[in-house]
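Reading through the structure tokens given below for one structure.
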Amino acid sequence: MTEAILLVGGKGTRLRPLTVNTPKPMVPAAGVPFLTHQLARARAAGVQHIVLATSYLAEVFEPHFGDGSDLGLSLEYVTEEEPLGTGGAIRNVASRLHSGPDEPVLIFNGDILTGLDIQALVSTHSSSGADVSLHLTRVEDPRAFGLVPTDATGRVTAFLEKPQTPEEIVTDQINAGAYVFKRSVIDSIPTGRPVSVERETFPELLSAGAHLQGMVDSTYWLDLGTPQAFVRGSADLVLGRAPSPAVPGRCGDRLVLPSARVAPDAKLTGGTVVGADAVVGEGARVTGSVLLAGAVVEPGALITDSLIGAGARIGARTVVSGAVIGDGARVGPDNELREGVRVWCDTTLPAGAVRFSSDQ
């Protein structure tokens, strides 16, 4: 297998304001755009040609990655004029594939951080003779996911939408968002309209008697769809818990890009990333957080499990915990922003404007 389709067209609505100016796969995680980690892992698994299915802010991708040669890849870009869903996006780029009808094509979503053994998934696909093979992972609480039960040989027996009652939870296996398709299956997807592989393509293939194979791989897996998950994923990359050959430095408690400036007595822990030209002032403490390019954390500020957008400024002694500060925002001194708070891009909060008392 030498080629893949990468689905990177989503609007990243749940990640706003991070995705106001930047498509979700291009938001930096562990010092580089998240997409870089996916491309590097695919290349390490032997993939040579990747077609990126783009839509939202599609113009951002090619100027950054070009033809892919810097990563040892051949990259192409196809833009959806109207949203086509996962299946429609796959079909929309089919003309750029080089594979023959019976050859495998890897497909993966642009918002999943995983330690999946890609070569093992391809081997499973080949040895089982499947039409489509799916990466499955096990989760403790599968209620938020679609369930994929399999028989003793790993063959998929059903696709069950998010279960609502305990009786409906017949397995803890879920669709983990990476697939190997036989090329001819891609060509059978309808054109010119939205299609969901999860809700339409896979169930219809199963009903028609096609062979869908599941491979359970319960290594690291995280859907980066929310700000909290994205921050955690970045920290896990820095800490070495999530594998990637694209982390620009050694794994450890912190990753400080070369042009950043950190005061000698500032404390950075928990997989914190300090982006290019960012500044961390005297006595500041930053734990498990991401500071994007040009962000400024003033002296004495306390940042925990948060993402500070590009060019944003956090005032002296301000506390930010479990929050997202949009690009270019200005948070004045002596504020306290707690779990779930999102400050929109270019917003200004005066000194002491937001505080939480100890009994809240």
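Since the model is a prediction, treat every value here as computed from it, not as a measurement. Scope of the values below: all heavy atoms of this structure, side chains included, with no hydrogens, waters or symmetry mates.
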For [Y], is there any backbone N or O sitting under 3.5 Å from a side-chain donor or acceptor partner on [X]?
{"X": "Thr318", "Y": "Gly332", "answer": "yes"}
{"X": "Glu3", "Y": "Val51", "answer": "no"}
{"X": "Asp305", "Y": "Gly322", "answer": "no"}
{"X": "Trp221", "Y": "Thr137", "answer": "no"}
{"X": "Asp327", "Y": "Cys345", "answer": "no"}
{"X": "Asp253", "Y": "Gly270", "answer": "yes"}
{"X": "Tyr56", "Y": "Thr19", "answer": "yes"}
{"X": "Thr348", "Y": "Arg330", "answer": "no"}
{"X": "Ser74", "Y": "Gln48", "answer": "no"}
{"X": "Thr272", "Y": "Val286", "answer": "yes"}

- prompt: Side chains of Gln213 and Thr124: is there a donor and an acceptor less than 3.5 Å apart?
  reply: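 Result is no, nothing qualifies.
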
What I'd like to find out is whether the side chain of [X] reaches to under 4.5 Å of the side chain of [Y], using heavy atoms alone.
{"X": "Pro23", "Y": "Val8", "result": "no"}
{"X": "Leu7", "Y": "Ile107", "result": "yes"}
{"X": "Leu84", "Y": "Val195", "result": "no"}
{"X": "Thr150", "Y": "Gln173", "result": "yes"}
{"X": "Leu237", "Y": "Val273", "result": "no"}
{"X": "His135", "Y": "Leu116", "result": "yes"}
{"X": "Arg342", "Y": "Pro17", "result": "yes"}
{"X": "Leu6", "Y": "Leu39", "result": "yes"}

Would you compute the distance between atom [atom1] of [X] and atom [atom2] of [Y] and round it to the nearest 0.5 angstrom?
{"X": "Thr114", "Y": "Asp223", "atom1": "OG1", "atom2": "CG", "result": "11.5 Å"}
{"X": "Glu200", "Y": "Arg193", "atom1": "CD", "atom2": "CZ", "result": "4.5 Å"}
{"X": "Leu224", "Y": "Arg232", "atom1": "CG", "atom2": "CZ", "result": "9.0 Å"}
{"X": "His211", "Y": "Lys182", "atom1": "NE2", "atom2": "NZ", "result": "9.5 Å"}
{"X": "Leu106", "Y": "Thr2", "atom1": "CG", "atom2": "OG1", "result": "11.0 Å"}
{"X": "Glu339", "Y": "Ser306", "atom1": "CD", "atom2": "OG", "result": "7.5 Å"}

task: Begin from the C-alpha positions of Glu76 and His49 and carry the test side-chain contact (heavy atoms from CB on, under 4.5 Å) through to its verdict.
output: CA-CA 8 Å; Glu76 294 189 66; His49 176 231; 2.8 Å; yes

- prompt: Is there a side-chain contact (heavy atoms from CB on, under 4.5 Å) between Asp217 and Leu121 once you walk through the steps?
  reply: CA-CA 9 Å; Asp217 182 313; Leu121 181 62; over 6 Å; no

Taking [Y] as the starting point, is it possible to reach [X] by hopping between hydrophobic residues whose side chains are less than 4.5 Å apart?
{"X": "Val290", "Y": "Val238", "value": "yes"}
{"X": "Val262", "Y": "Leu255", "value": "no"}
{"X": "Leu268", "Y": "Val320", "value": "yes"}
{"X": "Ile308", "Y": "Phe230", "value": "no"}
{"X": "Leu160", "Y": "Ile174", "value": "yes"}

task: Kindly indicate, with the supporting measurements, whether the criterion ring-ring contact (aromatic ring centres under 6.0 Å, His included) is fulfilled by Phe202 and Phe159.
output: CA-CA 8 Å; Phe202 291 158; Phe159 290 91; 5.4 Å; yes

task: Return each pair, listed once, that meets side chain to side chain donor-acceptor pair (under 3.5 Å) where at least one residue sits in residues 279-294; pairs must be two or more places apart or across chains.
output: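 Those involving residues 279-294 are Thr269-Thr287.
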
- request: May I ask you to decide if the ring planes of Phe34 and His37 are parallel, tilted or perpendicular, using 30° and 60° as cut-offs?
  value: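 Plane angle between 30° and 60°, so tilted.
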
- prompt: Checking side-chain contact (heavy atoms from CB on, under 4.5 Å) for the pair Leu337/Leu349: CA distance, chi angles, key distance, verdict?
  reply: CA-CA 11 Å; Leu337 307 177; Leu349 291 180; 4.2 Å; yes

- request: Show your reasoning for whether side-chain contact (heavy atoms from CB on, under 4.5 Å) applies to Leu35 and Phe61.
  value: CA-CA 9 Å; Leu35 180 55; Phe61 295 92; 3.7 Å; yes

